[in-house]
Amino acid sequence: MSETAHRYTAELADRIELAWQDRWEAEGTFDAPNPSGPFADPEKVASYSGGHMLVLDMFPYPSGAGLHVGHPLGYIATDVFSRYHRMLGKNVLHCLGYDAFGLPAEQYAVQTGQHPRVTTEANIDIMARQLRRLGLGLDNRRAIRTMDPDYYRWTQWIFLQIFNAWYDTEAERADGGRGRARPIAELVEEYASGARPLPAEDGRDWADLSPAEQADIVDSHRLAYASEAPVNWAPGLGSVVANEEVTNEGRSERGNFPVFKRNLRQWMMRITAYSDRLADDLDRVQWPDKVKAMQRNWIGRSHGARVAFPVAGLPEVDPIEVFTTRPDTLFGATFMVLAPEHPLVDALVPAGEWAPGTNPAWTGGEASPEAAVTAYRRAASRKSDVERQIEGKDKTGVFTGAYAVNPATGAEIPVFVADYVLMGYGTGAIMAVPGQDERDWHFADNFDLPRIRTVQPTEGHPEDEAFTGEGPAINSANDEIDLNGKPVAEAKAAMIDWLVERGHGEATVSYKLRDWLFSRQRYWGEPFPIVFDADGVAHGVPESMLPVELPEVPDYSPRTFDPDDAASEPEPPLGRVREWVEVDLDLGDGRGVQRYRRETNTMPNWAGSCWYYLRYLDPENREELVSAATEEYWIGPRETPVAGAPKGTVDPGGVDLYIGGVEHAVLHLLYARFWHKVLFDLGHVSSEEPFRTYFSQGYIQAPAYRDDRGQPVEASEVEEVVGDSGAVSFTWQGQPVTREFGKIGKSLKNMVSPDDMYAAYGADTLRLYEMGMGPLDQSKPWDTRAIVGSQRFLQRLWRNVVDEESGEVRVVDEPVDDATLRVLHRTIDAVRRDYDELGFNTAIARLIELNNALTKLERVPRDAAEQLVLMVAPLAPHIAEELWSRLGHAESLTHADFPVADPALLVEDTVTCVVQIRGKVRDRLEVASDITEDELREKALALPKVVDATAGGVRTVIVRAPRLVNVVPM
RNA sequence: GCGCGAGUGGCGGAACAGGUAGACGCGCCAGAUUUAGGUUCUGGUGCCUUCGGGUGUGCGGGUUCGAGUCCCGCCUCGCGCACCA
């Protein structure tokens, strides 16, 4: 034990931190008042001079492994930002809930027989303790959990809103655009009154239709609908998954099982109705360009044309509709290709044998078109996405035996079936233009089909390749239209005009985005508030019957199958609870008590996370999801749009700062935007976007080590060996291992727990280290050795205020000297700018510099120390509170005013001027900061080094007073 | 292949608007304290150097009085998408 009994050690930090965490909790320091409702405190709300701000993190999934040091990075950043803005006088709401439904808890439950609620609650407790120890300033009254019935009743309520809505593409919006969701009852009304013509043209009125026919029409409009459609079925997982959850390799993100396209009856969300708004409104939010690009790419809007190709000799068959982005190349369409699943295929295929003279390569080795198509379709349906991927560019297909007429040339061109054309994009059929499309070129190669170039390739372009570039049209004229010589864009426009005029097609837009598969065959998720009547018609459960609670089941596991058994059928666990599934209800629709069957699928994990930020605002509201006043207060549109938005942009509202990982760029962040827009259309929220500013934080990577077999070894047991030459190598149990940097976790055996950091350094040191490592949006390697630097800073800060031996406050009540005052105010100015822009690493560097300056003083003036403590507070709140308190302040500094820089003190009297010769620094001058150019030039030219260099004369002198002179000799 | 981003000391990273490259921290070196180790404190630390200076921000060119920063062409790495007609 040294005599420095009051040194800032890990033990002292621990005592200070726990004490302040208790006090914050007892005083409700971070409880943010609402303007009305359960958390109302209008007086307090009005007292905030700086307005209000909502700062959120993507909420965590409570996994069993607890936190590692990578998790809190974003939480610390939002906490620092929140604390800073509280000191600017704002009512800051920062809180954190739990994404509690999900697969890992269910899988664990299957293994152990423990109810997933029990394990999830235990995990939440562990996480909550670890997060509390970090000193986050959260309003814990709002820590919602998606698995609680009080929460998911509103998830179900939103589902019903979507179920009971349709997208009216003609309806006008407030912003002047067209298209918005409307209640389904209004659609029924319009049909019933005759205001809207019925889709079927058999002359009957709405009232003449049977209830089942009416239901069919209504259901086909709903934004949430059950439909039989090709979905991603993962037999090994026992569940279907969304497109967004299928990996590049065609496997399920969860469990890594093969995924098959299967026609199954599942719940879908009509997110495609919002394609344009989801793409366009990205201009209105402040998000990283990368994430905007990812969403735009996922939505995949492309402009082109729809063209109809009549089928030769079959006037009764519908023409084949294709989508093309290159209508200008129509003259080069020498064949057509339909997706194997295309509904028109059966009608096209002629009966009987192949026509005499059919190219044997087209027949797939079968005796008739029908046999060939059937065999090809069967083979295609058996292929998993993995296999499709592996086959890659090797184009396969068979001839259907049918020909279509190219409307531009009148030529009869063969129609093929091939799986390189996807049913889910465009119309599921293409016009093949081998001259201008690589894939079509390859197919033409394989099947000996003609190729006509319709764009003049640039010089030197290989003879044996498609030309996809820009150039004048060639070979593109008939009696009515001549594109030859026109550049691509002009030719496109001319062709579209001609197509429209002749009734062959029209300009159109196509999207990659598809409707969202919304049901899962799992136990641990939200039940659908849906029941089916005896006719199989789906009915929404009345609001008064919400929540539809998740029943207890004897067995949590869905039925899983051999991972490659594509023909297996999903069987959700809830289907086994007959007494829950079969239910007598009065839905209040005049039918009285009837027997119904409940929907046994559950909602995907994304459901709860789609809207949790809204429930934070008003978590105890029993009547509404969120009250209008509260929603508008926290996330209503602001007067000024976000920085960087195009001119004339109207602010969409939303969370002021949302921080989370980029892995959710096209999942959570797209789904939440979709739900929010539906809620906006239906009048439940005033904001049009959920997150007006989103920031994606980087990952913290930690060193991981592998032995000579490539197996990870326990990183904490690895020793570093420094060789004679200074080269560093690593060993584990005596054997050499190699180092890499990777995601922290069990799989790489490189876990670093925050608990160990709390024990060795304290939470403030950990916070400071994580914020000081580098820019927040960058990934960076964890280095436990380097944390000590952050601890040393806090120790020096502590020592500047508290005497280490006596424990007494050692600041003096003397005015701050002029030099120190200038350093102080420059620091205030810089730190404010850094905090505003989440530049915490540079803010910390500034604070260390200021602290080092104070260390050099014989006596530390109180005023300088206090301002420094206030500036450190957002980053290291416990030590700051403790020092603030020891400096004689009874109140927490949470709402103390953040220091303000005096502009007068930012102007320096003298500055260092560099004197360059030919652009290289050769000397320096101390000059008055208001020195004139002429004076400075004179001084610089008089310097001995300059005199030497300019003996042969001066060509030019550049003067940028007061900082720089550049002399260029002859 | 397409899209986005990044290459700066031994390491993490600074550098507002083209104007002192390497702030701050780790590590390393030296000294002080300590019985010693550790801790803590003080000073030094891009590279080369004949101690005058030379050189230096992935590579090659360009613009400029002046380039880490702007332009053109490459290379490498990371991330995302990927038969999207």
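Computed from a predicted model, the values in this text were never measured in an experiment.
For rA17(B) and rC83(B), the P atoms lie 41 Å apart once the distance is rounded to whole Å. If you take atom C1' in rC59(B) and the same atom in rA6(B), they sit 16 Å apart, rounded to whole Å. Distance noted for atom P between rC29(B) and rA21(B): 29 Å (whole Å). For rG9(B) and rC2(B), the C1' atoms lie 36 Å apart once the distance is rounded to whole Å. For the P atom pair drawn from rG61(B) and rG27(B), the interatomic distance equals 40 Å after rounding to whole Å. As rounded to the nearest Å, rA36(B) and rA32(B) have P atoms that lie 11 Å from one another. With both ends at atom P, the span from rG10(B) to rG5(B) equals 29 Å, rounded to whole Å. The C1' atoms of rU8(B) and rU55(B) are separated by 15 Å, rounded to the nearest whole Å.
The Val968(A) side chain lies nearest to rC65(B) when the options are rU20(B), rC81(B), rC65(B). The side chain of Lys512(A) approaches rC81(B) more closely than any other nucleotide in the set rC83(B), rC81(B), rG25(B). Of the candidate nucleotides rA85(B), rC65(B), rA23(B), rA23(B) has the atom lying nearest to any side-chain atom of Ala845(A). Here the side chain of Val788(A) is nearest to one of rA85(B), rG19(B), rG27(B), namely rG27(B). Among the nucleotides rU39(B), rG80(B), rC24(B), the one closest to the side chain of Arg7(A) is rU39(B). Of the listed nucleotides (rU20(B), rC26(B), rC83(B)), rC26(B) has the atom at the smallest distance from the side chain of Arg785(A). Candidate nucleotides rA82(B), rG12(B), rC24(B) were compared by shortest atom distance to the side chain of Trp298(A), and rA82(B) ranks first. Minimum atom distance to the side chain of Tyr420(A) is reached by rC83(B), of the listed rC83(B), rU20(B), rG25(B). When distances run from any side-chain atom of Ile848(A) to the nucleotides rG19(B), rA85(B), rG25(B), the shortest one goes to rG25(B).
As the counterpart of rG73(B), rC59(B) is assigned, both hydrogen-bonding distances of the Watson-Crick or G-U wobble pattern falling under 3.5 Å. Across all strands shown, rG43(B) forms a Watson-Crick or G-U wobble pair, both distances under 3.5 Å, with rC29(B). Applying the Watson-Crick and G-U wobble criteria (two distances, each under 3.5 Å), rG68(B) pairs with nothing in any strand. Nucleotide rU50(B): unpaired (no Watson-Crick or G-U wobble partner with both distances less than 3.5 Å). Nucleotide rU35(B) forms a pair with no other nucleotide shown, judged by Watson-Crick or G-U wobble geometry with both contacts under 3.5 Å. Under the Watson-Crick and G-U wobble criteria, each requiring two contacts below 3.5 Å, nucleotide rC24(B) is paired to rG12(B). A 3.5 Å limit on both hydrogen-bonding distances identifies rC81(B) as the Watson-Crick or G-U partner of rG1(B).
Between Arg963(A) and Glu908(A) there is a salt bridge, since a side-chain N of the basic residue sits under 4.0 Å from a carboxylate O of the acidic one.
Nucleic acid contact for Ser779(A): sugar-phosphate only, since backbone atoms but no base atoms lie under 4.0 Å from a heavy atom of the residue. Note on Ser790(A): nothing from the nucleic acid sits closer than 4.0 angstrom, heavy atoms only. Among the protein residues, Arg306(A) comes within range of no part of the nucleic acid, since none of its heavy atoms lies under 4.0 Å from any strand. Pro775(A) comes within contact range of the sugar-phosphate backbone alone, with a heavy-atom separation under 4.0 Å but no base atom that close.
In this structure a side-chain-to-backbone donor-acceptor pair under 3.5 Å is missing from Thr950(A) to Gly953(A). For the pair Asp777(A) (side chain) and Ser696(A) (backbone), a donor-acceptor distance under 3.5 Å is absent.
If you take CZ of Arg918(A) and C1' of rU20(B), they are 19 Å apart, rounded to a whole angstrom. Atom-to-atom, NZ of Lys780(A) to P of rC77(B) comes out at 23 Å; the value is rounded to the nearest Å. In this entry the distance linking NZ of Lys743(A) with P of rC79(B) reads 11 Å, nearest Å. Summarising the geometry, the separation between CG on Leu776(A) and C1' on rG12(B) is reported as 15 Å, rounded to the nearest angstrom. At whole-Å resolution of the value, OH in Tyr761(A) and C1' in rC26(B) are 12 Å apart. In this entry the distance linking CG of Asn841(A) with P of rU8(B) reads 16 Å, nearest Å. When rounded to the nearest whole Å, the span between CZ of Arg960(A) and P of rG19(B) equals 11 Å. When rounded to the nearest whole Å, the span between OH of Tyr769(A) and P of rC26(B) equals 11 Å.
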**OP:** Starting from the C-alpha separation in whole Å, work towards a yes-or-no answer on salt bridge (Lys or Arg N to Asp or Glu O under 4.0 Å) for Arg301(A) and Asp276(A).
**Re:** CA-CA 8 Å; Arg301(A) 177 165 55 187; Asp276(A) 279 321; 2.5 Å; yes
**OP:** Dump the intermediate steps for salt bridge (Lys or Arg N to Asp or Glu O under 4.0 Å) on Arg937(A) and Asp934(A), then the final yes or no.
**Re:** CA-CA 5 Å; Arg937(A) 176 182 292 114; Asp934(A) 290 342; 3.1 Å; yes
**OP:** Run the numbers on Arg833(A) and Asp829(A) for salt bridge (Lys or Arg N to Asp or Glu O under 4.0 Å), then give the verdict.
**Re:** CA-CA 7 Å; Arg833(A) 270 205 310 272; Asp829(A) 184 54; 2.9 Å; yes
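Surrounding CZ of Arg296(A) are more than 12 heavy atoms belonging to other residues, nucleotides or ligands, all under 6.0 Å away. The number of heavy atoms from other shown groups lying within 6.0 Å of CZ (Arg799(A)) is above 12. Atom NZ of Lys939(A) has 12 or fewer neighbouring heavy atoms from other residues, nucleotides or ligands inside a 6.0 Å radius.
For Asn852(A), a side-chain nitrogen or oxygen approaches OP1 or OP2 of rG25(B) to under 4.0 Å. A sub-4.0 Å separation between OP1 or OP2 of rC24(B) and a side-chain N or O of Thr842(A) is absent.
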Original post:
Where along nucleotides 41-47 of chain B does protein come under 4.0 Å, by heavy atom, of base (B) or sugar-phosphate alone (S), with - for untouched nucleotides?
Top reply: S------
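The cationic group of Lys743(A) lies under 6.0 Å from the six-membered ring centre of Tyr699(A) and within 45° of the ring axis, placing it in a cation-pi geometry. Relative to the six-membered ring of Trp441(A), Arg451(A) meets both conditions, a distance below 6.0 Å and an angle of at most 45° to the axis. Cation-pi geometry between Lys395(A) and Phe443(A) is not satisfied (NZ or CZ under 6.0 Å from the ring centre, within 45° of the ring normal).
When the salt bridge (Lys or Arg N to Asp or Glu O under 4.0 Å) test is applied to Asp803(A), no partner is found at least two apart in sequence or on another chain.
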Grab the N/O contacts between the protein and nucleotides 1-6 of chain B below 3.5 Å, and write none if there aren't any.
none

